[in-house]
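Counting convention: from 1, in listed order, for ligands and their atoms alike.
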Amino acid sequence: MDVLTACLSTALPAAGDGFRSATGQYYEIRLAVPRPDPGPQGVIACALSQAARHRPVTELTITRPDDWHVHLRDGAALPDTCRDMARYFGRAIVMPNLTPPVTTVADATAYRERIQAAMAGLGRQFEPLMTLYLTDRTTAEEVQRAADSEFVHAIKLYPAGATTNSAAGVADLAGLYPTLEAMEKHDLPLLVHGEVTDRGIDIFDREAVFIERHLAPIVQRFPGLRVVLEHITTADAAAFVGQAPANVAATITAHHLLLNRNDMLVGGIRPHYYCLPILKRDTHQQALLQAATSGSPKFFLGTDSAPHATNAKESPCGCAGVYTAHAAIELYAEAFDSQGALDRLEGFASHFGTDFYGLPRNSDRITLVKQDWQVPASLPLGDAPLTPMRAAETVGWQVRED
Ligand SMILES: NC(=O)N[C@@H](CC(=O)O)C(=O)O
Ligand SMILES: [Zn+2]
Ligand SMILES: [Zn+2]
């Protein structure tokens with residue numbers, strides 16, 4: 001019934017078009033008859049003949065995706081994180097919050113070489129896109145060196161104390177305005193962990209307050225600066241980025257699309273869902289789903305896959321971070337499927353981030369099939385076990401291995 005209603009309420013569809021039904025399913029249109037002449041009779045005949053042929057999407061081929069926010073860590077963890085990352089991602093923006101952090105182009109060069117060494121045996125093409133960690137001492141000269149380098153693509157702002165390994169982050173943002181000015185001049189994007197750290201601000205409000213106090217003034221003062229608000233978690237962030245000029249964008253994680261704070265806290269506390277910015281209430285989750293599936297090029301894929309050993313998460317003071325790299329595009333496919341918006345996944349995962357960073361889109365493709373598979377209860381992270389998202393549970397989409 002809703003198929004017919006959808007057909008009749010739109011202009012005559014063509015083969016290859018798609019639409020969402022009232023129940024949220026996405027239907028691809030396959031015309032088996034020539035497009036009839038317009039007119040009420042023709043529209044009804046067309047709708048009826050197509051209604052018999054509409055079927056839910058169970059297979060999806062998209063341009064190879066890239067991840068615009070990931071933590072690969074270092075040392076013994078690298079072969080494991082790199083293996084998961086290289087399975088189907090073409091490139092990834094690699095976060096610099098190591099201990100000690102990656103603050104100079106020289107640090108980024110050495111880190112990139114360690115990543116490439118870990119990738120060497122995998123037989124996959126994967127390009128790490130490096131970032132620097134902004135500190136109160138980052139100079140305009142270092143910004144220039146980063147802009148001149150072929151592989152540093154952005155500088156990351158962590159307010160001091162906001163998240164994992166952010167102790168060396170920025171304490172005085174206004175003091176850094178000359179550095180931001182240099183970034184604007186050299187067209188080097190600023191990536192932002194957008195949370196205030198004041199003890200008096202509730203953890204659930206920290207993103208919204210950061211936007212008001214810090215992000216809005218930066219965007220206003222540096223109109224030419226490209227800014228990515230990373231891993232957004234609130235309707236406030238989606239609205240801010242949505243109405244901002246084209247140089248302001250946001251990444252959205254799969255876990256923030258699939259979960260809200262009830263998933264983390266009702267019926268027992270689930271430390272593996274604890275991440276920063278923390279999961280918010282369901283209305284915010286809905287706003288993120290809406291932004292991600294809106295087709296707006298301002299919102300793109302950034303997994304924020306952030307591994308911590310299982311014992312560091314299952315602890316009296318557990319670390320923040322969710323590991324999703326083992327199943328990232330599949331989890332995003334689930335989220336988009338839940339909205340009947342699989343037709344919007346390719347833009348979000350494979351086009352918009354690439355375009356924002358001014359890089360060429362990948363030229364090859366991957367195919368996802370709607371098929372349950374079981375995630376292992378545990379994965380290795382160097383010498384320690386890691387508990388991945390959906391551990392010992394199923395994921396409903398799978399990348400078809402060639
Ligand atoms: N997201 C997280 O909860 N943790 C990240 C840091 C970050 O991206 O803020 C990590 O490095 O573990
Ligand atoms: Zn962060
Ligand atoms: Zn992160």
Side-chain angles (χ1 to χ4, degrees), residues 67-75 77-78 80-81 84-85 89 92-102 111 128-134 153-170 189-197 203-204 206-207 210-211 214-215 227-234 237 249-259 261 263-264 270-280 288 300-315 317-325 328 331 353 381-382 384 386-389:
D67 183 353
W68 301 99
H69 180 135
V70 73
H71 301 269
L72 297 180
R73 308 300 192 213
D74 207 352
L78 269 183
D80 295 316
T81 54
D84 283 347
M85 213 51 227
F89 282 118
I93 282 278
V94 179
M95 288 295 135
N97 62 332
L98 306 181
T99 36
V102 178
Y111 184 30
L129 309 172
M130 309 311 291
T131 59
L132 301 190
Y133 185 115
L134 191 64
H153 291 268
I155 302 189
K156 178 72 189 276
L157 161 64
Y158 292 98
T163 186
T164 306
N165 295 344
S166 61
V170 172
L190 174 72
L191 315 183
V192 182
H193 179 110
E195 287 192 290
V196 293
T197 54
I203 187 166
F204 292 101
R206 288 178 172 202
E207 183 173 274
F210 182 90
I211 291 169
H214 302 294
L215 190 60
V227 178
V228 184
L229 184 55
E230 300 290 337
H231 47 43
I232 61 168
T233 62
T234 56
T251 52
I252 307 183
T253 77
H255 48 286
H256 286 98
L257 292 175
L258 291 166
L259 303 169
R261 66 195 194 185
D263 298 301
M264 181 175 59
R270 289 172 183 77
H272 298 291
Y273 289 167
Y274 172 65
C275 63
L276 290 170
I278 199 159
L279 293 168
K280 306 297 191 297
L288 299 178
F300 44 82
L301 185 157
T303 61
D304 190 21
S305 179
H308 293 274
T310 298
N311 65 1
K313 301 267 312 161
E314 297 174 5
S315 138
C317 184
C319 294
V322 177
Y323 190 71
T324 52
L331 292 166
L381 180 68
L386 154 97
T387 305
M389 171 112 166

Please confirm whether the backbone N or O of [Y] pairs with a side-chain atom of [X], one donor and one acceptor, at under 3.5 Å?
X: Arg73; Y: Thr81; result: no
X: Ser305; Y: Val70; result: no
X: Asn97; Y: Asn165; result: no
X: Glu207; Y: Thr233; result: yes

| Relative to the Zn ion (ligand 3), how many protein N, O or S atoms have a separation of less than 2.8 Å? |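 N, O or S atoms of the protein closer than 2.8 Å: 3.
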
Please tabulate protein-ligand N/O pairs under 3.5 Å for ligand 1, atom names and distances to 0.1 Å.
residue  : atom   : partner : partner atom : Å
ligand 1 : 1 (N)  : Leu276  : O            : 2.9
ligand 1 : 1 (N)  : Asp304  : OD2          : 2.7
ligand 1 : 3 (O)  : Leu276  : N            : 2.8
ligand 1 : 3 (O)  : Ala320  : O            : 3.3
ligand 1 : 3 (O)  : Gly321  : N            : 3.2
ligand 1 : 4 (N)  : Ala320  : O            : 3.2
ligand 1 : 8 (O)  : His71   : NE2          : 3.1
ligand 1 : 8 (O)  : Asp304  : OD1          : 3.1
ligand 1 : 9 (O)  : Thr163  : OG1          : 2.7
ligand 1 : 9 (O)  : His193  : ND1          : 3.0
ligand 1 : 11 (O) : His71   : ND1          : 3.3
ligand 1 : 11 (O) : Arg73   : NH1          : 2.9
ligand 1 : 11 (O) : Arg73   : NH2          : 3.4
ligand 1 : 11 (O) : Asn97   : ND2          : 2.8
ligand 1 : 12 (O) : Arg73   : NH2          : 2.8
ligand 1 : 12 (O) : Thr164  : OG1          : 3.1
ligand 1 : 12 (O) : His308  : NE2          : 2.8
ligand 1 : 12 (O) : Ala320  : O            : 3.1

| task | Check whether any side-chain heavy atom of Tyr273 sits under 4.5 Å from a side-chain heavy atom of His255, and report yes or no. | result |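 No. Closest side-chain heavy atoms not under 4.5 Å.
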
| request: Could you check if a side-chain atom of Ile203 sits within less than 4.5 angstrom of a side-chain atom of Leu276, using non-hydrogen atoms only? | output: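 Sidechains of Leu276 and Ile203: in contact.
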
| request: For His272, check side-chain contact (heavy atoms from CB on, under 4.5 Å) against everything at least two apart and list the hits. | output: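 Thr310, Lys313, Glu314, Thr387.
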
| field | Residue list, salt bridge (charged side-chain N to carboxylate O under 4.0 Å, His left out) with Asp74, at least two apart or on another chain | value |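 Testing Asp74 for salt bridge (charged side-chain N to carboxylate O under 4.0 Å, His left out), a comparison that skips the adjacent residues, returns Arg114.
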
| task | Would you please classify the geometry between the Trp68 ring and the Phe300 ring as parallel, tilted or perpendicular, with 30° and 60° separating the classes? | result |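 Rings of Phe300 and Trp68: perpendicular, as their planes differ by over 60°.
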
